[in-house]
Amino acid sequence: GETLVVGDTSYAFADAIVASTKLFEAKGLSADLGGFVTVSGDFGFRKLGADLVAVATGVNVGITAGTAASVTLTGARLGLKSGNGATVIEVRDGTFAANVAGLASVTAAAVRVQYSNASGTAAAGETLVVGDTTYTFADAIAASTTMFEAKGLSADLGGFVTVSGDFGFRKLGADLV
C-alpha cells in the first residue's frame, strides 16, 4: 500500500511490486484487427527476469473471410509460462465453431489444447497469477507434450461425411496416443 503524492494528486499501489517486474492486465479487452480478426476477454501478462506468464479468461477469438469462411473460439481460458528454455501453454473450455461455405461445418462444445517443449512442465493445480486474472492447470502437463481434445464434436464435410463424438489426440515425446 505505498502511496505516491505529487501536489494535490496521489496514487496508492494496491499490491507490492517485486523489483524488475513488468505487468500488464486488461479486463474486458476488445480488439478488432483489420476487420477480419476479433479478440476479447480478460488478459494478464507478467515478465519477471527471463520468465513470462500470460493468463486469460473469457477469451473470444474470431477470424472471418467475408461470408465464405469463419472460425470462432468463445469463452476459453489460457495459461502460459515460459522461461529458462521451458515453455508450457494450455487453452481450454472454449466452444469452437468453423464454417467454410458449401464445404464444411465443425462445432465442439469444449476444446482443450496443450503444448510443452522438452523442458516445460506444469503440475496439476498449479496456478498462474497476473494481477486479478488467474489460470489453474487442472491436470499435470509432462515435458514434450502436444495435445488436442474436442468434446461434443460435430462435423459435416460437404454433406458427404459426418463425424460426431469426443476426440482426443496426444503426442508425448515420440509416442502418439
Work out which heavy atom in [X] is nearest to a heavy atom in [Y]; give both atom names and the distance.
X	Y	value
L157	A104	CD2-CB, 3.9 Å
A142	S116	O-OG, 2.5 Å
T127	T134	CG2-CB, 4.3 Å
G131	L23	N-CD1, 3.9 Å
A143	A118	CB-O, 3.3 Å
S119	G85	CB-O, 3.7 Å

Any donor-acceptor pair under 3.5 Å from N117 side chain to T87 backbone |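 Checking the backbone N and O of T87 against the side chain of N117, a donor-acceptor pair under 3.5 Å is found.
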Side chain to side chain, [X] and [Y], heavy atoms closer than 4.5 Å:
X	Y	value
I89	L78	yes
R46	D51	no
L52	L80	yes
T72	T38	no
L153	D166	no
K27	D132	yes

Residue pairs passing the ring-ring contact (aromatic ring centres under 6.0 Å, His included) test where at least one lies in residues 29-59, sequence neighbours excluded | none
Which pairs, with at least one residue in residues 107-139 and sequence neighbours excluded, count as a ring-ring contact (aromatic ring centres under 6.0 Å, His included)?
->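 As it turns out, the ring-ring contact (aromatic ring centres under 6.0 Å, His included) pairs with a partner in residues 107-139, which skip direct neighbours, are Y135-F137.
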Decide whether [X] and [Y] are clustered together by the hydrophobic rule: side chain heavy atoms of Ile, Leu, Val, Met, Phe, Trp, Tyr closer than 4.5 Å, transitively.
X	Y	answer
V71	F148	yes
I63	V39	yes
V91	V37	no

Are K81 and E126 within salt-bridge range, i.e. N to O under 4.0 Å?
-> yes
N-O pairing of D139 and R112 below 4.0 Å = yes
Distance-only donor-acceptor check, side chains T133 and E25, under 3.5 Å = yes
At what distance, to the nearest 0.5 angstrom, does CD1 of I141 lie from OG1 of T146?
->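 Answer rounded to 0.5 Å: 10.5 Å.
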Gap between atom CD of E149 and atom CD of Q114 - 0.5 Å precision |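 Between Q114 CD and E149 CD, I get 8.5 Å after rounding to 0.5 Å.
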Could you please spell out the steps behind the side-chain contact (heavy atoms from CB on, under 4.5 Å) verdict for Y11 and V5?
-> CA-CA 7 Å; Y11 178 81; V5 178; over 6 Å; no
Name the one of D93, L73, T95 that satisfies side-chain contact (heavy atoms from CB on, under 4.5 Å) with V111?
->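 Exactly one pass, corresponding to L73.
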So which pairs with a foot in residues 59-69 pass side chain to side chain donor-acceptor pair (under 3.5 Å), sequence neighbours left out?
->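 Every pair satisfying side chain to side chain donor-acceptor pair (under 3.5 Å) with a residue in residues 59-69: S40-N60.
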